[in-house]
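Here the structure is laid out as C-alpha cells; the discussion comes afterwards.
Chain letters run A, B, ... following the sequence lines, proteins first, then strands; residues in each count from 1.
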Amino acid sequence: MYLQLTVGGLLLGCIYGLVAMGLSLIYGVMGIVNFAHGAFVMVAMYASFWLNRFLGLDPVLSSPLVALLMFGFGVIVYHAIIGKILEGPFLARLLVTFGLSIFLINCAQFLWSPDYRMVENPIFRGIIMLGPVFVEVPKLMASIGSLIVAGLIYWFVRKTKTGLAIQAISLDRMAASLMGIDIERLNGYAFGLGCACAGAAGGFLAEFYYIFPDVGTMFGLVALVAVALGGFGSTEGALIGAILIGIIETVGGFMIGSEFKYALVFLAYLVIVIVRPRGLLGWGAD
Amino acid sequence: MKDVKRTNKTLLTIAVLASLIVPLFIKARFMQHILVMVVLYAVLGQAWNILGGYVGLVSIGQAAFFGLGSYVSSYLLVEHGINPWVGFILAGLITALFGFLIGLPVTRLRGRYFAIATIALGQVMKVLFENWERVGAATGLMLPLVKEGLSTFQFHTSKLPYYYIGLAMLGIIILFMRYMERSRLGYYFKAIREDEDVATALGINKTAYKLIAIAISAGITGMCGTFLAQYSLYVEPEYMFNHNISVTIALIAVFGGTGNILGPILGSAILLPISELTRAWMGSTGTGIDMMIYGAFIVLICVYQPQGLMGVVRNIQARARAQVQQARRGANV
C-alpha cells in the first residue's frame, strides 16, 4: 500500500517539479517570486484544451507547441510588466505578480466561464501494472514528459551560450552587464523559459485534470513551497523539493485525510524552512 | 517651517471634523457600506504597517489573524451567548497570543521566506476551519439577530454606527502609533527594519521586538475580524480567511506608502471605494470582470507607483522646498 502511495506521490512530484523549476529559474535570474505561476499553468491548460477542441491535437502531443506559445507569452509579460519593476521596492516586486494572477484567473473566468472542463478522448488513459504497483498512464506520461523537459532545461542552462549568460546574470548582474550581456533581452528569455515550463506542465496536466479558472492556484502555491524547500534559485533543489512534496501530499493525505493534505504540505514548509532557513540547497541573499 | 506646521494642523482639524460630520449626511446604505469598509481597511492597513512598514516583516497572510478573531467572538456569542464586546476584547487577546506563538518560529525567517510562511499560515488556517465541525466547518456560523444597540454590537437601521466604531478604532490606533513613533519601541522597530544585524549588535533583542510587533499586529487584525463578523452577521472560512483580504491589506500599504501613519489611511480611502464600486457595478454578473479590473489595477500601481502615494507627496514637498530655497537665495543676492 505504501509503495503504491509513494509511487503516486513520485509521479505527482515530477509534475510539480516542472512547475517549480520554472518558478525557481525566474527567481534565480531576476529575484522575482512569481505568484502568477499557477495562473500561467492555468492559461496553458486552457490553450491545450482549445487546441484539442478545434484542431484535435492531444494535450500531451501538443505540449511542445503550448510551451512555445507560453514562452512568447512570458517574453511579452516580462517586457510589459516585470522588467519595469525589477529595480522597484520589495513590496511592489512581491505584489505585482499577485495582481497579474488575479487578472489572469478572472480573465479566464470572464472569457470561458467558471465551468469545469475536460479534454475528451485523450490518447493516454487507463491504468497499467508496473511490477507490484498500479500506475495511471496519463500521470506516467506526464511525469516522464516533465523529466524530459527538466533535462532539456538543465542542458540549456548548463551547456548553451545563452544558458551560461543567464547563469552569469543570476550570479552577478553587474558583472554580467559589464561583460556585454544584454540583461534585458536575456531576462526576457529566462522569464519566457520559466513560463514555458509552466506551459509544458499545463499541457501534460490537461490530459487528465479538470480545467477551470482557479485550477492553477494550488499548483502555483505548492510549487512555491517546493522552491522554498529546495532553496530559492536552485533548479535541482526545486525538483527535489517538489518530489518530496508530492510524496508528503499523497502519503500524508492518505494517513490523515485528503482534505488536510495541503495543510500538511504547508506545515512541512514551515518546519523545513525553520530548520534550514534557506532551504535544502539554497544559497544567496534573503 | 512654522507655516507648514500650522497648515498641517489646520488640515488635520479639517480632516477629523470631516470624517466625523460628513457621514451624517450620507443616507444611501451602499455609500455607508463603503465608508465602513474604508475605516475597517484603514485599521487593517495600520496593523499591517506596524509589522511590515516599521519592522520590515512583510505579511501576506493577515487573513489568518482576521479570520481567527472573527471566529473567536462569533463562537463565543453563538455557543455561549457571550457579549460581542467581550468577544471583541478576547478576540484581540487570543489572536495576539496566537500571533506571538506563530511568531516564535516564523520571525526567524527573513524577507520572502517570511512572506511565503504567512501565505502558508493563511491557507492552513482556512483548511483547518473548513474541516472543524465544532465551528460549523465550511458553512460557518450564523450570528443571532438581536435588538440593535451599542451593547449588542448590532445595528440594522443604519450602517453609520459601525462607521463610528471603526473610526474610533482608527483614532485609537493612530494615537498609539504616534506614541510609538516617538518611543523607544518605534526606534527599535525601525532599527530592526533598516539592518537587523546592526540592531542586534547595538544590543536590541530583535526576536523580542519582532514578537511584540507581530502580537500587536495580529491582535488588532483579530479585533477587525470581530468587527466584520458583527457587521455581516455570519462567519465562514471562505469569507473570513479569504486570501484576497491578505492581498488587499498589503496592497493598501503599497499604494499608500509604508512606514508612516498617513499612508494606509490614504491607501484605504482611495482603493476601497474603487474596489467596492467596481464590485457593485460589475460583480453581480458573476463573470469576474470586477476582479479582472482589480488585478490589472494592482499591476498598474506596482509598475507606475511603486513608492506609494506618500512617495508622490514627499516628492512634491521636496520640490516645493527646493523652490522656496531657490527663491530665498535669489532674494539674498
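The CG atom of A:Leu224 lies 6.0 Å from the CD1 atom of B:Ile119; values are rounded to the nearest 0.5 Å. Between the CD atom in B:Gln123 and the OG1 atom in A:Thr217 there is a gap of 9.0 Å [rounded to 0.5 Å].
Within 6.0 Å of atom CZ in A:Phe71, more than 12 heavy atoms from other residues, nucleotides or ligands are found, so the atom counts as buried in its surroundings. Within a 6.0 Å sphere centred on CZ of B:Phe98, heavy atoms belonging to other residues, nucleotides or ligands number more than 12. The environment of A:Trp50 atom CH2 is dense: over 12 non-hydrogen atoms of other residues, nucleotides or ligands sit within 6.0 angstrom.
Only the side chain of B:Tyr304 has a heavy atom closer than 4.5 Å to any heavy atom of chain A. B:Ile60 touches chain A through its side chain: at least one heavy atom from C-beta onward sits under 4.5 Å away, while N, CA, C and O do not. Within the 4.5 angstrom heavy-atom criterion, only side-chain atoms of A:Val33, from C-beta onward, approach chain B. Only the side chain of B:Val58 comes within less than 4.5 Å of a heavy atom of chain A; its backbone N, CA, C and O stay farther away. Within the 4.5 angstrom heavy-atom criterion, atoms from both the backbone and the side chain of A:Leu95 approach chain B.
Counting heavy-atom pairs closer than 4.5 Å to chain A, the top-ranked of the candidates B:Val127, B:Leu121, B:Val299 is B:Val299. Counting heavy-atom pairs under 4.5 Å between each of B:Ala115, B:Ala117, B:Gly52, B:Ala296 and chain A puts B:Ala117 at the top. In terms of heavy-atom pairs under 4.5 angstrom with chain A, the leader among B:Met125, B:Glu130, B:His243 is B:His243.
Between A:Asn106 and B:Tyr294, every side-chain heavy-atom pair lies at or beyond the 4.5 Å cut-off.
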